[in-house]
Amino acid sequence: MSALTASALSTVGKAMTIHLFRFDLRLHDNQALTTSLNNARQTQTPFLPLYIFDPAQLSKQSPSRLKFLLESVSTLRTSLQNNLCIRIGDPVQIISEEFPEAAIFTQLEPCRDERKISQSLDATEIHGTYLYSPSDLPFPLSQMPDVFTPFRSKMEKSKSIDINFTTCNLDNVVILECDKGKIPELSELTSQPLPTFDSRSVLNFTGGEDKALERVNDYIFKQDNLKNYFNTRNGLIGATYSTKLSPWLALGCLSPRYVAKMVKKYEQERVENKSTYWLIFELLVRDFCRLFALKHGDKIFLLDGILGRRAHGGHQNSVKWSLDTGYANSKADSWKEGRTGYPFVDANMRELKATGFMSNRGRQNVASFLALDLNQDWRFGAEHFEEYLLDYDIYSNYVSWCMAAGMTGGRVNKFNVIKQAKDYDPEGEYVKLWCPELSSVPKEYIFEPWKMSKEKQQEYNCVVGRDYPERVVEMKVFKPRTDKPKKEKKMKEKYKGGFYKVVG
Ligand SMILES: Cc1cc2nc3c(=O)[nH]c(=O)nc-3n(C[C@H](O)[C@H](O)[C@H](O)COP(=O)(O)OP(=O)(O)OC[C@H]3O[C@@H](n4cnc5c(N)ncnc54)[C@H](O)[C@@H]3O)c2cc1C
């Protein structure tokens, strides 16, 4: 590895190769980085790995998210032997002004803001961070099923996951000499108080490729949790009920194919069972969200989702939305703050704000509650998740919300948050962890404190309206559809009655 100066090269056309890192902050299984490095080697142009902190994106993120990002970028810089160049500002402006002669390579990000940047820079975009690359789909993208199950069965039949990938290195490339810049301090990126660790957190998340690989090894091999994943994945408390890999996957510190490779190894060395299958299944749901976004583009950000005008009465999932933020005890703001009066919803919302994480079970319930019980514009929920989730990923988040609201057209799952709490937090342990004002309330009332008499409220130290909020709304419980009674009965059994189809 040696260095050349930018000024010496500015006269010879595409005189340098830049890899613009975005959501691919790793060296292992990084197809875009592999392509950039190959270009630099083949054209014998100097190479610059670049990361740009874009204020337009940073302003939407909580301090905990920013901390995780800084740790991830800093780890990447170390892995690249301090050659990662750092800038802060508008990527298009910075690259056009400082590196006008560069050939830019970057991972293709399906959504609008990222694509706009790539297109303005005339960048070469390369697919990455999938189990199955879009080029491996057994159908044209335009014919991809909009519902997961048919998508899954087509994918599983078509091709096995390619786990023969390499780890990039800087061998035989010349690094462009320029001011490499400094990684900003967290306090430079936010004016909000800096995050502190909450001991109730599921995990003490630290960003970076090394920590991601360590977590994979801990969860799968050291703690041997994978064999039980299928049975534990709907848990709510602690590090072991699910992998907690999502924050690293979201920033691309971890490749899903690396996880698949480790699952395969585990199957060969220890056990192959429903749990090992199910982790790959979940990673395929992640692929589905990314590909859905690639197929439908900006529609995933629209209130009517992919339904368009059909969402105004023409489709069975049509809903009249409202948004009532900004006044005292508004429904939407109560949801955000964990003050809805429904303990299971409130516990989850408080966990999110305090730690940047929420279980999948929790996310499904609070999303259903905001959209289908409170009838609020679902994008308000998606934006709140965007601010706080350490694993915020534009595709999984917006597609999951759009789906929860029924705006992807498939079956709507209206969650009965009381029934769900009884099934998944039978002792009320989770609710008490996040809503300590309910700590003396017995199991019988823990998910429905409004049912306590005035005397009982005094006795259990929890007066509704004083110690714990009144309900913002009386929850609607939809009756299952009766046109296919046998199927409904099966579904009710399968989901223990906590899972309803919306009617009418
Ligand atoms: C309304 C809503 C919003 C969501 N927003 C996000 C988001 O911004 N980022 C995000 O990564 N996930 C999101 N999810 C999906 C899911 O809740 C999380 O991926 C999961 O809880 C992360 O925990 P884990 O890593 O322990 O998951 P595990 O159960 O261990 O699963 C392993 C991996 O599979 C993927 N995965 C699992 N379930 C899903 C799913 N339903 N959809 C997509 N991928 C999945 C994730 O990458 C996850 O890390 C959302 C779900 C809902 C209902």
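Not measured: the values here are computed from a predicted model. Whatever order the structure lists ligands and atoms in, that order sets their numbers, starting from 1.
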Counting heavy atoms not belonging to Lys264, are there more than 12 under 6.0 Å from its NZ?
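No, NZ of Lys264 has 12 or fewer neighbouring heavy atoms, counting only those of other groups under 6.0 Å.
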Is it the case that over 12 heavy atoms from other parts of the model lie below 6.0 angstrom from the CD atom of Glu269?
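Counting neighbours around CD of Glu269, more than 12 heavy atoms of other residues, nucleotides or ligands fall under 6.0 Å, so yes.
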Would you check ligand 1 and list the protein residues that come within less than 4.0 Å of it by any heavy atom, ordered by chain and number?
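The 4.0 Å shell around ligand 1 contains Tyr229, Ser242, Thr243, Lys244, Leu245, Ser246, Leu249, Leu279, Glu282, Leu283, Val285, Arg286, Phe357, Asn360, Arg363, Gln364, Ala367, Phe385, Leu389, Asp391, Tyr392, Asp393, Ser396, Asn397, Ser400, Trp401.
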Arg286 and Ser246: side chain donor to acceptor below 3.5 Å:
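Not at all, the side chains of Arg286 and Ser246 share no donor-acceptor pair under 3.5 Å.
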In chain order, what residues pass the side chain to side chain contact (heavy atoms under 4.5 Å, CB included) check against Ala404, with sequence neighbours excluded?
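Side chain to side chain contact (heavy atoms under 4.5 Å, CB included) list for Ala404, sorted by chain: Ala367.
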Per the side-chain hydrogen bond (donor to acceptor under 3.5 Å, both in side chains) rule, which among His312, Arg310, His315 passes with Asp304?
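Of all the options given, the one that passes is His312.
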When the aromatic ring centroids of Phe230 and Phe281 are compared, is their separation below 6.0 Å?
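No, ring centres 6.0 Å or more apart.
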